[in-house]
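Note that the structure is predicted; figures quoted are calculated from it, not measured.
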Amino acid sequence: MSSDDLSELWERVDQFRREVANASPDKLDCAELEGRVQELANAIGLELMRAVLLRADTESPTIEINGEPWGNRRVSKGEYTTLFGDLEIERSTYQRAGRGRVGVPVDLRLGIVERRYTPRVTRLIAHATAVMTAQDSAAFLKQAGVASVSSSTVHRMALAMAARYQTMSDEVAARVRDADPVPVGAVAVQVALDGVMVPQDGEHCGRRGRKTEDPAEPRWRSRYELGPMLGPAGTDNGGGRMWHEASVGTLAFIDAEGFVLKTTYLARMPEPGKATLVDQLHDELMAVLEERPDLTLCFASDGAKYHWKVLAGMACQLPEEATGDVYFLVDFFHVAEHLADAARAIAGEDTPEATVMAAGGRETIRAFPDDGHRVLKSSLFDKLTSEARRDDVQQVIDYLAAQAREERLGYAEVEQRNLPIGTGITEAAAKTIVGVRMKRAGARYQEHGGQTVMLFRSAVLSQRFDSLARELERSYVADVKDAA
């Protein structure tokens, strides 16, 4: 960037200020003027970024990248996308022993993402991906007047960053956890998981937008060597169903008054046994207990047997240093639904008696500290004459008995301690992560595409997005020195 370039820009700024100063106050068009200010700001920003990029370059014949020698210097054009627009510079490139992949000092010193995009641009793309579609993201950024990129760029870049995360997810996740301490004032943490259906591949869901039956492998997959990802249609016994169950997990931190201080959200696309999410939830809990071993633990879920198997397994692996009380609670509102079913079977559909009976059952199981045995022993269940109705009620009795045996109905004691008796936080997570963002008209996701959305969206909801973005940005940076 020459001084003449900046002088011309500052002259344009002065000219704009003179024009405004001479304009009639009641004739100012704020929208038009603000657009011109944005154009000037972007032009100045673009020239300043050009200076940044050029400063990061070198003319040394040989360099060291992370201590390894690189030579065979050449000069080539490089295109970069910044917050202020696209620019092109002449920059040095190097190779090892004259062949193989190319090292670009500008890219490695500044952490240029995927060889073109500045870190702030990719942070915007990732955040936009968390909250809206690629088309909406591109349109929004255009309206904002920054980082003008296409919808295909938004889509491709989000996939590439998520693929990079996948290659180093354990270490990145650990650093992100370390930067997110347990909130001050927390006395308990509720650990819960749930399933949620996502639209995915199926027999009527062929590739869209393809111009060939043999498309090239996506760059994110070949670059990061993640290998093929078999969608659920390949493992659902040939049915090719459109919907498959993803998983969500939450750790909700509760204070002494019962308020939720913060929630950590996790989400994974469909996979056997929810294996990855279970591991992530376990790692999160162990990190929490390492910092605050005194926290009371509330393991919560609905009545799904596999969920309870997972949560019981976590409870068995608690560190010896963990000193807080441990509770297991089946979601109260699931229990209430079962009680309502029994009441309708006994007193009839939509009758006042059924309403009163269901309410009485709910209050009884909630108020008395005997794990629901009072409800199980209620004489109301003996008033049936219909065999079919007896079967309906017996199912409820069996359900409550199974939960009572596992000591998952202790609502009275938990409520006295201002702790949650439901899994509303986790069910809300399923709606917020998947329902709001991923269940739009016509939407469906392949494995990596869906996980990309879940990765960035759960980070945003967990107030961890900035930490995650910084870790990803740092992964593109290398130590570059001119060789002696």
Side-chain angles (χ1 to χ4, degrees), residues 1-56 77-90 106 110-114 116-158 161 209 432 436-437 440-443 453 456-457 459-461 463 465-466 469-470 473:
M1 176 182 62
S2 68
S3 58
D4 291 340
D5 294 329
L6 269 183
S7 296
E8 180 182 347
L9 287 171
W10 288 122
E11 174 58 32
R12 289 171 57 189
V13 171
D14 288 338
Q15 181 180 349
F16 177 86
R17 294 176 65 181
R18 290 192 296 269
E19 181 182 332
V20 171
N22 294 327
S24 173
D26 57 355
K27 297 295 185 180
L28 295 174
D29 184 337
C30 186
E32 188 268 335
L33 292 172
E34 194 170 26
R36 289 172 58 188
V37 170
Q38 179 80 68
E39 290 178 3
L40 284 171
N42 282 347
I44 293 171
L46 204 58
E47 289 307 310
L48 294 177
M49 284 303 301
R50 187 187 305 277
V52 171
L53 292 165
L54 291 174
R55 182 68 184 96
K77 291 182 179 180
E79 295 182 352
Y80 294 92
T81 298
T82 76
L83 281 179
F84 313 102
D86 294 343
L87 60 83
E88 185 179 275
I89 64 168
E90 297 276 343
V106 171
L110 299 180
I112 298 299
V113 178
E114 300 299 318
R116 172 163 181 154
Y117 302 90
T118 62
R120 297 295 295 181
V121 169
T122 52
R123 190 177 293 206
L124 279 176
I125 288 174
H127 198 287
T129 298
V131 297
M132 63 186 89
T133 65
Q135 291 81 2
D136 290 344
S137 299
F140 178 79
L141 292 174
K142 181 179 180 181
Q143 285 295 322
V146 296
S148 180
V149 293
S150 67
S151 59
S152 60
T153 295
V154 173
H155 179 71
R156 176 172 52 82
M157 287 301 301
M161 287 185 284
T432 305
V436 172
R437 172 63 178 87
R440 305 187 181 200
V453 173
F456 295 127
R457 189 162 181 80
V460 168
L461 295 172
Q463 301 172 41
F465 178 80
D466 286 344
R470 280 195 298 271
E473 290 159 10

Please report the C-alpha distance between Leu40 and Val37 in whole Å, then the side-chain angles of each, then the deciding distance to 0.1 Å, and finally whether the side-chain contact (heavy atoms from CB on, under 4.5 Å) criterion is met.
CA-CA 5 Å; Leu40 284 171; Val37 170; 5.6 Å; no

Validation row: Leu110, Thr118 side chains within 4.5 angstrom (heavy atoms)
no

Look up atom OG1 in Thr82 and atom CZ in Arg116, then write down how far apart they are to the nearest 0.5 Å.
10.5 Å

What distance separates Glu47 CD from Leu87 CG, expressed to the nearest 0.5 Å?
8.0 Å

Heavy-atom count check: over 12 atoms from other residues, nucleotides or ligands less than 6.0 Å from Glu32 CD?
yes

Does Arg457 form a side-chain contact (heavy atoms from CB on, under 4.5 Å) with Val131? I'd like the steps, not just the answer.
CA-CA 7 Å; Arg457 189 162 181 80; Val131 297; 4.0 Å; yes

Output the distance between atom CE (Met49) and atom CD1 (Ile89), rounded to the nearest 0.5 Å.
10.0 Å

Restricting to pairs with a member in residues 121-130, which pass salt bridge (charged side-chain N to carboxylate O under 4.0 Å, His left out), not counting sequence neighbours?
Arg123-Asp466, Arg123-Glu473

Under the salt bridge (charged side-chain N to carboxylate O under 4.0 Å, His left out) rule, what pairs show up with a residue in residues 131-147, not counting sequence neighbours?
Asp136-Arg440

Using the rule given for salt bridge (charged side-chain N to carboxylate O under 4.0 Å, His left out), can you reason through Glu11 versus Arg18, listing the C-alpha separation, both sets of side-chain angles and the distance that settles it, and then say yes or no?
CA-CA 10 Å; Glu11 174 58 32; Arg18 290 192 296 269; 3.1 Å; yes

Near Arg36 CZ, under 6.0 Å, is it more than 12 heavy atoms from other residues, nucleotides or ligands?
yes

Scanning both residues in full, the closest heavy-atom pair of Leu54 with Glu90 reads CD2-O, 4.1 Å

On a heavy-atom basis, which atom in Thr81 and which in Val121 lie closest, and how many Å separate them?
O-CG2, 3.6 Å

Shortest non-hydrogen contact between Pro119 and Val113, atoms and distance
CA-CG2, 4.4 Å

Atom CZ of Phe84 and atom CG of Leu46: how far apart are they, to the nearest 0.5 Å?
8.5 Å

I need the minimum non-hydrogen distance between Val154 and Ser137, along with the two atoms involved.
CG1-CB, 3.9 Å

Could you state the interatomic distance from CZ (Arg120) to CD1 (Ile125), rounded to the nearest 0.5 Å?
13.0 Å

Gly145 backbone acceptor or donor facing Asn42 side chain under 3.5 Å:
yes

Note: Ser151 and Ala138 closest approach over all heavy atoms is N-CB, 3.6 Å

Restricting to non-hydrogen atoms, name the atom on Arg437 and the atom on Val453 that form the minimum distance, rounded to 0.1 Å.
CG-CG1, 3.5 Å

Please list, chain by chain and in numerical order, all residues satisfying ring-ring contact (aromatic ring centres under 6.0 Å, His included) with His155, sequence neighbours excluded.
none

Atom CZ of Phe140 with >12 non-hydrogen neighbours under 6.0 angstrom:
no

Taking CZ in Arg17 as the centre, count heavy atoms belonging to other residues, nucleotides or ligands within less than 6.0 Å. Is the count above 12?
no

Candidate pair Thr153 and Tyr117, rule side-chain contact (heavy atoms from CB on, under 4.5 Å), full reasoning:
CA-CA 10 Å; Thr153 295; Tyr117 302 90; 3.3 Å; yes

One should read off an interatomic distance between Leu83 CG and Ser148 OG, to the nearest 0.5 angstrom, of 12.0 Å

Check the pair Met161, Phe456 against side-chain contact (heavy atoms from CB on, under 4.5 Å), reporting the backbone distance first and the verdict last.
CA-CA 10 Å; Met161 287 185 284; Phe456 295 127; 4.1 Å; yes

For the residue pair His127 and Phe465, is the inter-centroid distance of their aromatic rings smaller than 6.0 Å?
yes

Just wondering, are more than 12 heavy atoms of other shown residues or ligands nearer than 6.0 Å to CD in Gln38?
yes

